[in-house]
Protein chains: 2
Amino acid sequence: MMFEKYVNLLKNKSIQITPQRLEILRYLDKHRNHPTAYQIYTDLKKNNPSLSKTTVYNSLEILNKHNIINSISITGLESRYDIINEMHHHFMCKKCGRIIDIEITCPNIKKTLEIGHKIEEVHGYFKGKCKECLEKEIDKHES
Amino acid sequence: MMFEKYVNLLKNKSIQITPQRLEILRYLDKHRNHPTAYQIYTDLKKNNPSLSKTTVYNSLEILNKHNIINSISITGLESRYDIINEMHHHFMCKKCGRIIDIEITCPNIKKTLEIGHKIEEVHGYFKGKCKECLEKEIDKHES
DNA sequence: TAACTAATTTGTAATGATTATAATTTTATA
DNA sequence: TATAAAATTATAATCATTACAAATTAGTTA
């Protein structure tokens, strides 16, 4: 029951169902904060001490290849992961490091198709200072 | 004369002028194929054997911080670099690995400003199969 | 159900990009 | 020219990711 949703996701793409893959999917569904592979690994290891880092990487790769999850490059350091829902963009705060979903779609897709390249993924990200960090700065100046 | 353009770029931002920084800028101006730090390093080392990898990284960082160059995250593996001209997006071919400039601007900037985060950088990238790789595939099927 | 094959998981080691550090050199300034 | 600050260099360390081989698990067939 608990994993039915994720079982179906895998079945639809005829990917073999394993407990590890289901756990990773459930994790990404619950944690929408764009975790790194390492974060997923350490958190899931708590309930499954024999979990291997390699498994996490392998699973993320196969899930990404089948468009069940999204691998996003923003930081330049590591990849972040996202369970796929509607298309959206990301905002990374240079101050606190948070990555925030931005609920807009890209209106450029049509244009880019005309160039002749086949578009399979659309990624957009912004960098700057997030609302919260901006407000903290104002507070400091006022005090 | 040769480096005047780059000297001015640095002067305008009051960044200290060094031969290494000028060479890196000239390299990025000439090579618009989004090279990695390592590519820049090995190519420039040919004419300057004492060049250090750390210098390349340090220079790229300071140039990026002052918005003279752009650091782009697409591959998840490494950062790529771009001398800044007009705003554009990127396309990465999953087959041949090339990163191609896409000459469109992002019409989302206005929208995102309304959310309250301060946008300092706008990045967009697409992934898929490039025109050339697509054509090669067709050729194969026809033969 | 048992036996067999293929796929997955695991643990460890290797790789590759980037960063830290300290000594040396260069540049800017008095 | 002497001095201080900044940049460069070389090396070592770190961190994310990948390669590899052995052990385990899942799927299939008799």
Side-chain angles (χ1 to χ4, degrees), chain A residues 3 6-7 10-11 13-25 27 34-66 68-69 71-81 92 94 97 99, chain B residues 3 6-7 9-11 13-25 27 34-66 68-81 92 94 97 99:
Chain A
F3 287 105
Y6 313 115
V7 169
L10 297 179
K11 266 190 187 159
K13 308 269 179 161
S14 32
I15 302 170
Q16 195 168 307
I17 293 150
T18 70
Q20 290 86 345
R21 288 173 186 172
L22 293 175
E23 285 291 358
I24 289 169
L25 271 178
Y27 184 91
H34 319 92
T36 62
Y38 183 75
Q39 284 172 321
I40 298 167
Y41 165 69
T42 40
D43 281 355
L44 292 181
K45 208 175 170 62
K46 289 170 193 162
N47 289 317
N48 176 11
S50 79
L51 179 66
S52 167
K53 217 182 282 182
T54 311
T55 302
V56 174
Y57 277 103
N58 288 342
S59 303
L60 291 171
E61 196 197 349
I62 195 171
L63 294 173
N64 180 48
K65 195 166 287 170
H66 287 83
I68 296 173
I69 67 169
S71 161
I72 63 186
S73 296
I74 297 192
T75 65
L77 269 180
E78 3 76 326
S79 294
R80 304 299 193 101
Y81 298 90
M92 180 176 124
K94 288 185 188 177
I99 294 173
Chain B
F3 286 106
Y6 313 115
V7 169
L9 273 173
L10 297 178
K11 266 191 187 159
K13 308 269 181 164
S14 32
I15 302 171
Q16 196 169 305
I17 293 150
T18 70
Q20 290 87 344
R21 288 173 186 173
L22 293 175
E23 284 292 358
I24 289 169
L25 271 178
Y27 184 90
H34 319 92
T36 62
Y38 183 75
Q39 285 172 320
I40 298 166
Y41 165 69
T42 41
D43 282 355
L44 292 182
K45 209 175 169 62
K46 289 170 192 160
N47 289 317
N48 176 11
S50 79
L51 179 67
S52 166
K53 216 182 282 180
T54 311
T55 302
V56 174
Y57 277 102
N58 288 342
S59 302
L60 290 171
E61 196 197 350
I62 195 169
L63 294 173
N64 180 49
K65 196 166 287 172
H66 287 83
I68 296 172
I69 67 169
N70 220 342
S71 162
I72 63 185
S73 296
I74 298 192
T75 66
L77 270 181
E78 4 76 327
S79 294
R80 305 298 194 102
Y81 298 90
M92 180 175 125
K94 289 186 188 177
I99 295 174

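Reminder, nothing fancy here: chain letters follow the sequence lines and each chain counts from 1. Note: hydrogens, waters and symmetry copies are ignored here, and every other heavy atom, side chains too, is used.
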- Query: Shortest non-hydrogen contact from Lys13(A) to His66(A)?
  - Reply: NZ-O, 3.0 Å

- note: Asn48(B), atom CG; dT9(D), atom C1'; distance rounded to Å ~ 11 Å

- Task: Please tell me which of the listed nucleotides, dG27(D), dT27(C), dT8(D), lies nearest to the side chain of Gln16(A)?
- Result: dG27(D)

- Message: How bent is the helix from dT1(C)-dA30(D) to dA30(C)-dT1(D), measuring the angle between the end axes built from five pairs each, rounded to 10°?
- Response: 30°

- Is the backbone of Ile74(A) close enough, under 3.5 Å, to the side chain of Arg80(A) for a donor and an acceptor to pair up by distance? no

- Message: Whole angstroms only, please: what is the NZ-P distance between Lys11(B) and dA28(C)?
- Response: 11 Å

- For the residue pair Gln16(B) and Leu10(B), what are the closest heavy atoms and their distance? O-CD1, 4.3 Å

- Message: Ignoring hydrogens, what is the shortest heavy-atom contact between Tyr81(B) and Thr36(B)? Give both atom names and the distance.
- Response: CD1-C, 4.5 Å

- Note on the structure: Taking every heavy atom of Leu51(B) against every heavy atom of Tyr41(B), the minimum-distance pair comes out as O-CE1, 3.5 Å

- Message: Using whole Å, what does the distance between atom P of nucleotide dT19(C) and atom CG of Leu60(B) come to?
- Response: 10 Å

- Scanning both residues in full, the closest heavy-atom pair of Gln39(B) with Tyr27(B) reads O-OH, 3.9 Å

- Message: Distance check needed: dA7(C) P versus Leu10(A) CG, whole Å only.
- Response: 17 Å

- Residue Leu51(A), side-chain atoms from C-beta onward, closest of dT9(C), dT10(C), dT8(D): dT10(C)

- In whole angstroms, how far is the C1' atom of dT8(D) from the CD1 atom of Ile24(B)? 11 Å

- Item | Of Ile17(A) and Arg21(B), the one whose closest DNA chain D nucleotide lies more 5' | Arg21(B)

- Return the value, rounded to whole Å, for the distance between atom CD of Gln39(B) and atom P of dT18(C). 11 Å

- Message: Given 3.5 Å as the limit, does a donor-acceptor pair link the side chain of Ser73(B) with the main chain of Gly76(A), or not?
- Response: yes

- Going 5' to 3' along nucleotides 16-22 of chain D, which nucleotides have protein heavy atoms under 4.0 Å from the base (write B), which only from the sugar-phosphate (write S), and which from neither (write -)? SBBBB--

- Item | Rounded distance (Å) that lies between atom C1' of dT27(C) and atom CD of Gln20(B) | 11 Å

- Smallest separation among heavy atoms of Gly97(B) and Met92(B), with atom names: O-CG, 4.2 Å

- Message: Check this one for me: any side-chain N or O of Ser52(B) less than 4.0 Å away from OP1 or OP2 of dT8(D)?
- Response: no

- Item | N/O (side chain, Ser50(A)) to phosphate O (OP1/OP2, dT10(C)) under 4.0 Å | yes

- Query: Across the strands shown, which category fits Thr18(B) at heavy-atom distances under 4.0 angstrom: base, sugar-phosphate, nothing?
  - Reply: sugar-phosphate

- Query: Roughly how far, to the nearest 0.5 Å, is the CG atom of Asp43(B) from the CD1 atom of Ile24(B)?
  - Reply: 12.0 Å

